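In the text below, chain A, chain B and the rest are named by the order of the sequence lines, each starting its count at 1. Remember, it's a predicted structure, so these values are computed and weren't measured experimentally.
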Amino acid sequence: MSSDSLRLTVRQLQCERDERVLFRDLAFQARAGEIWQITGANGAGKTTLLRILVGLHGFYEGQVRWHSPLAPDLLYLGHQPGVREELTARENLRFSAALNNQPGDVDAALDAVDLYGFEDVPAAHLSAGQKRRVALARLWLAPKKVWVLDEPYTAIDQNGVARLDQRIRDAAGDGTLVLYTSHHRVGDDVRRLHLGAEAPA
Amino acid sequence: MSGPWWATLRRELTLIWRSPADMVQPLFFFMVVVSLFPLGLSPKPELLALVAPGVVWVAALLAVMLSLDGLFRRDQESGALDQMLTAPVVSVLPVSAKLLAHWLLTGLPLALMAPLLGYMMQLPVPALATLTYSVLLGTPTLTVIGAIGAALTVGLNRGGILLALLILPLYVPVLVFGAGVVRAAVDGSPTQGLLAVLGALLALALSLGPLAVAMGLRISAGD
Amino acid sequence: MWNTLKRWYHQLGSPRYFYRFADVVLPWLWPLALIILAIGLVWGLAYAPVERYQGDSYRIIYLHVPASSGALMGYIAMGVAGLVCLVWRMKMAEVMLKALAPFGAVLAAVSLISGAIWGKPTWGTYWQWDARLTSMLILLFMYLGVMVLQSAIRDPRQAARAASLLALVGVINVVIVKYSVEWLNTLHQGATLNLFSESSINPAMKYPLLISMLGMWLLYAANVLMRARAEVLSRERRSGWVRKLVEGH
Amino acid sequence: MNPVRKQRLIVVLAVFLGLALATALAVYALRQNINLFFTPQQVVSGEAPVGTKMRVGGLVMEGSVVRDPDTLDVTFDVTDGKGTFTVHYQGILPDLFREGQGIVANGTLVSRERFEAEEVLAKHDETYMPPEVQDALEKAGHPGARKDAAGS
């Protein structure tokens, strides 16, 4: 691939938290159309790494460089789905779509994550898996160039996992860079970044 | 560009509307606290009229402060706050919409309730209008300043009492001029100058406050 | 000149260099501060002439004024450190911010207590809700707020940034509080020492005051350097130079 | 212009607008004499509104203090050299109260000549000097010996 497809360069990244070095000398380059799976034991710093990449966590050493402005291109799903229980599935999704400048058919997106018929149910009455699906529905709205997904497969049933796999592969095929944390593997061409096995200092 | 701002305003209004306790509790607190004073001090009208400006103002101030603890907490716990901070908008925009919605449904009712409580506290009727204006001009300032504290303590346990320690000293000027203008009205002195001071504090809080709140939220998120 | 300043800024911005600097300066600064403060206080309390109206009670200015000025300057310094910390993310500013708070709070308390002792003979009361007294009380509360916030947040860098924002908001607040309580009630006399015009204090009384002020500021500086040095060591304890230092001794 | 930049511009403009408004309101307030503090000159000229609560300040005129030996009633004249009016007060005066000293009184202006005080505060002035120095200054007729403290 040509160098202009380069999206992200990470160099000598080091992060400490609560007296512990989470990772050190982390370095990788990610390009458009690649899928990166970040693995590691619980507490290895997967969530922290993603938060550093999207600019939510600023206490680190080293360099994180996005080669074009990140904010307009980013679709970030955090560890918590970001769904408020007082609002219905549709209201939640509409708000994130407006906030993230992501036009698209909200109802069709909810359909795509199997929430047909649940659009007007307050999120308080949805199961954990369904709440995550409300958040995941954003993947079916207008495309973004970078997806950063923290444990997108958590609490999702088999059927949903297959759909999500397909969606991620389709997006990557269209040139989206996908970075996600999970133990689940989307396919063979996925690049792996393993955190951990770092001796405590 | 107004998309995210309006969307946030609508969402916040819906949220508060759906959990009316958030709206009613500060108002109820305001009424109960003010009602305690005649019982604790003495029901003598002259005495009550003397302390009324301060009592109503301190109660309003505490009511605003108590309403702020949950301002960002549930968004933080649900992960919605991270969504707001990573969205392609200047984070001051959703923050200011949030603050406006919060004031509309908590601060504004306090201002509307204030003349009634002032009357119960034996304030002379001509001073009640000034009391209302002062609470109307003062509560948004309190909301904005308090939101800075709420943003800084959002991820912390026992944020409530800490919030009080941080922001009550910052509330002093609003209290001084808020109660002061009501006292001036009772004494028959001119009040425009003091209302202008409350307005100046409000303008200052509105112009710099949301920036500080947005920065506080980023700091609390880990930046 | 400018380049020298810039070099200093960058060198002191490096924790390692700062540690060496503090190590060299502190053994001298402590005794120097204490001696100067002692000279100022003894001169002021025992040898300066009595005042025409207030008699001996005015002598408390030799403690009161240095403490008040130190508390005020300390908070402003915290605001500056906060700004540097928020804008340039300089680590030493975080350290300084944390180091400035405790002694500043102590000075604010000293100022209030000594002011109360003075208030009794001059105003006939230990406490008056006077503009300056009230401002100092609020300043003490704001010092405490910064310290409490800092201790409530576990990550030291995050704590420092949160405290920075609070200190910065606090600096604006101090100005407004001062103005508002002045409107409310003013009894306290105007400032005695004035940089730009002739001071309204007799020279025989002024020199010990200036000396004790200098002594108090130096004491504050020494306290801040000591605290900052300890904080630097604790933050950098895993770095090579600190380990070498510990093993070397 | 990309949307984020446009938003930033709007935010910056709003901040400047807000600060300008705050300044304008503050300037307006300062012109209103919001602390209702009046000097003897303002009282005598009629600038101070009769019948409202206010604070007045000035120097106690030499030889004007009249104490009622039976009650705590006291009257004295307050001056700033450009105007003089009488203050009536019932209560214990502070220790530092003496003729020639600056005072601040809270109360009501009854007429242009008479002030009914609820509270009298001795304003300790910011000049510090040993008694011998003051004697010397007074002998030399130096004006600094009696500095107007109330007006400052």
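- Annotation for B/A200 and D/A26: closest pair CB-N, 3.9 Å, computed over non-hydrogen atoms.
- Scanning both residues, B/A203 and D/G18, for their nearest heavy atoms gives CB-O, 3.6 Å.
- Within the 4.5 Å cutoff, the side chain of D/V11 has heavy atoms near those of the B/L211 side chain.
- More than 12 heavy atoms of other residues, nucleotides or ligands sit less than 6.0 Å from atom CZ of D/F85.
- Within 6.0 Å of CD1 on D/I92 lie no more than 12 heavy atoms contributed by other residues, nucleotides or ligands.
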>> Evaluate B/V197 against D/L25 for side-chain contact (heavy atoms from CB on, under 4.5 Å), listing each step before the verdict.
In response: CA-CA 7 Å; B/V197 175; D/L25 285 167; over 6 Å; no
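- Residues of residues 82-91 of chain B lying within less than 4.5 angstrom of chain D, judged on heavy atoms, are B/P88, B/V89, B/V90 in numerical order.
- For the atom pair CG (B/L208) and CG (D/L19), the distance works out to 5.0 Å, reported to the nearest 0.5 Å.
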List, one per line, each side-chain donor-acceptor pair under 3.5 Å for residues 112-130 of chain B, sequence neighbours excluded.
none

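- Looking at residues two or more places apart in sequence or on another chain, you find a side-chain hydrogen bond (donor to acceptor under 3.5 Å, both in side chains) between D/E119 and D/N106.
- Partners of B/S96 by side-chain hydrogen bond (donor to acceptor under 3.5 Å, both in side chains), not counting sequence neighbours, listed by chain and number: B/W5.
- For D/R114, the CZ atom is densely surrounded, since the number of other residues' heavy atoms within 6.0 Å is greater than 12.
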